[in-house]
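The basis for the numbers below is simple: all heavy atoms, side chains too, and nothing from hydrogens, waters or symmetry mates.
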Amino acid sequence: MSKPAAFANKRARLQRLKDAKFFAGWVKALTETEMHIRLKNPFGMELGDHVLVEVHGSESVATFPAVMTLRSGEDAVFRLAKAIIYVAAKENARISVAPMQCIVQYEGSSVQTEVVDVSAGGFGMLAPQAFKRGDIIQVEIESPFGPVACGGEVRYCKPDAEASGSFRVGIRTAEMERLEKARWNRLFTEAA
């Protein structure tokens with residue numbers, strides 16, 4: 001099974017126990033005793049809050065209860081209340097990446113977006129317009145290893161909590177040509 005360090009730069013879901021409210025963020029570091037995380041929308045989180053944490057890695061999911069011990073803006077530290085439990089992964093790990101420019105071709109128009117996280121089978125992007133679940137799009141992503149062009153399906157779209165007027169969109173990628181697939185795999189592997 002995985003080691004805690006393998007969960008750095010992976011997406012985490014937190015549920016606060018006192019009110020069952022959900023939070024999300026990107027793990028900066030995870031050890032057997034504490035987690036450093038960048039929270040997407042930390043408003044309302046307080047020192048001493050007890051949470052249940054789920055971090056999706058490439059091979060497994062790490063789950064554990066924790067307590068917030070430090071917070072500075074979006075950055076927070078949680079002390080693990082119990083040992084990490086690892087279970088088999090049922091979905092692809094999402095990995096935070098430096099924003100990459102992306103052109104989306106949709107219903108005869110082009111939309112400029114940014115890719116902000118990747119997984120083996122898809123990516124998350126920030127877009128200036130909403131999309132509908134199930135929409136089929138064509139994208140060209142400017143990756144550090146060259147352009148990646150492929151089709152995709154919108155899996156979800158919701159208003160972005162951090163940027164008014166922007167939308168967080170999840171895309172499942174379709175089959176890619178050989179060269180694009182090689183670039184995508186390199187991007188995903190190096191980000192992990």
Side-chain angles (χ1 to χ4, degrees), residues 2 6-14 22-28 37-41 54-63 74 86-192:
S2 299
F7 292 90
N9 210 27
K10 304 295 189 298
R11 185 161 172 80
R13 296 179 186 133
L14 295 78
F22 286 96
F23 296 86
W26 296 98
V27 174
K28 295 171 79 174
I37 188 169
R38 185 182 78 236
L39 295 168
K40 280 191 51 99
N41 190 0
E54 185 177 86
V55 186
H56 290 262
S58 300
E59 299 173 1
S60 61
V61 177
T63 61
E74 295 181 334
Y86 300 98
V87 296
K90 294 180 181 170
E91 62 184 65
N92 292 326
R94 291 173 53 188
I95 302 167
S96 178
V97 294
M100 294 178 288
Q101 295 299 307
C102 176
I103 302 291
V104 175
Q105 300 294 327
Y106 173 70
E107 294 186 344
S109 64
S110 294
V111 179
Q112 180 80 34
T113 68
E114 283 188 333
V115 172
V116 293
D117 67 67
V118 297
S119 73
F123 60 92
M125 67 181 184
L126 292 177
Q129 74 176 54
F131 293 86
K132 294 186 302 289
R133 180 178 170 86
D135 282 346
I136 303 300
I137 61 173
Q138 294 295 316
V139 298
E140 184 165 328
I141 302 166
E142 290 301 321
S143 85
F145 310 110
V148 176
C150 67
E153 177 187 356
V154 175
R155 302 300 295 158
Y156 67 86
C157 180
K158 59 186 177 183
D160 185 61
E162 298 172 3
S164 180
S166 291
F167 296 86
R168 175 74 186 207
V169 186
I171 304 297
R172 178 175 29 191
T173 55
E175 284 296 315
M176 296 180 193
E177 296 293 327
R178 186 180 58 81
L179 183 57
E180 273 83 6
K181 185 67 173 171
R183 289 176 180 157
W184 187 262
N185 287 340
R186 184 172 178 200
L187 172 67
F188 179 71
T189 301
E190 292 201 11

Salt bridge (charged side-chain N to carboxylate O under 4.0 Å, His left out) against Arg133, all qualifying residues, sequence neighbours excluded: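 So Arg133 forms no salt bridge (charged side-chain N to carboxylate O under 4.0 Å, His left out) with any residue.
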
Atom pair [atom1]/[atom2] of [X] and [Y] - distance to nearest 0.5 Å:
X: Phe131; Y: Ile171; atom1: CZ; atom2: CD1; answer: 7.0 Å
X: Lys28; Y: Glu74; atom1: NZ; atom2: CD; answer: 9.5 Å
X: Met125; Y: Asp160; atom1: CE; atom2: CG; answer: 12.5 Å
X: Leu14; Y: Glu54; atom1: CG; atom2: CD; answer: 10.0 Å

message: Under the rule for side chain to side chain donor-acceptor pair (under 3.5 Å), what residues qualify as partners of Arg38, not counting sequence neighbours?
response: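 Not a single residue meets the side chain to side chain donor-acceptor pair (under 3.5 Å) criterion with Arg38.
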
| query | How would you list, by chain and number, every residue that makes a side chain to side chain donor-acceptor pair (under 3.5 Å) with Arg186, sequence neighbours excluded? | reply |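 Per chain and number, Arg186 pairs via side chain to side chain donor-acceptor pair (under 3.5 Å) with Glu190.
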
Output a table of donor-acceptor pairs, distance under 3.5 Å, between side-chain atoms of residues 103-115 and any protein atom two or more places apart or on a different chain; print 'none' if there are none.
from	atom 1	to	atom 2	distance (Å)
Gln105	OE1	Ser110	OG	3.1
Gln105	NE2	Ser110	OG	2.8
Tyr106	OH	Asp135	OD2	2.7
Ser109	OG	Tyr106	O	3.1
Gln112	NE2	Gln101	OE1	2.3
Thr113	OG1	Cys102	O	3.3

Q. Got a sec, which pairs hit side-chain hydrogen bond (donor to acceptor under 3.5 Å, both in side chains) with one end in residues 175-184, sequence neighbours left out?
A.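 Qualifying pairs: none.
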
- Query: Can you name the closest pair of heavy atoms from Cys157 and Val169 and give their distance?
  - Reply: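 Cys157 and Val169 have their closest heavy atoms at SG-CG2, 3.8 Å.
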
**Heavy-atom closest contact (Glu140 atom, Pro147 atom, distance)** =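 Looking at all heavy atoms of both residues, the closest pair is OE2-CB, 3.7 Å.
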
Item to complete: Evaluate the side-chain proximity of Val154 to Lys132: yes if any heavy-atom separation is below 4.5 Å, no if none is.
Response: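 No. Closest side-chain heavy atoms not under 4.5 Å.
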
Side chains of Leu187 and Val118: does their closest heavy-atom pair fall under 4.5 Å?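 Result yes, sub-4.5 Å side-chain heavy-atom pair found.
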
**OP:** Would you please test Arg13 and His56 for side-chain contact (heavy atoms from CB on, under 4.5 Å) and show each step?
**Re:** CA-CA 9 Å; Arg13 296 179 186 133; His56 290 262; 3.2 Å; yes

How far apart are the C-alpha atoms of Cys150 and Val139, what are their side-chain angles, what is the distance that settles it, and do they pass the side-chain contact (heavy atoms from CB on, under 4.5 Å) test? CA-CA 6 Å; Cys150 67; Val139 298; 3.7 Å; yes

Given the rule in the side-chain contact (heavy atoms from CB on, under 4.5 Å) test, do Trp26 and Lys10 qualify, once you have shown the distances and angles that lead to the verdict? CA-CA 6 Å; Trp26 296 98; Lys10 304 295 189 298; 5.6 Å; no

task: Could you note down all residue pairs passing ring-ring contact (aromatic ring centres under 6.0 Å, His included) where residues 152-183 supplies at least one of them, sequence neighbours left out?
output: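 Passing the test, one end in residues 152-183: no pairs.
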
**Asked** Checking Thr173 side chain against Gly121 main chain: does a donor-acceptor pair fall under 3.5 Å?
**Response**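 Yes, the answer is positive, given that a donor and an acceptor are paired below the 3.5 Å cut-off.
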
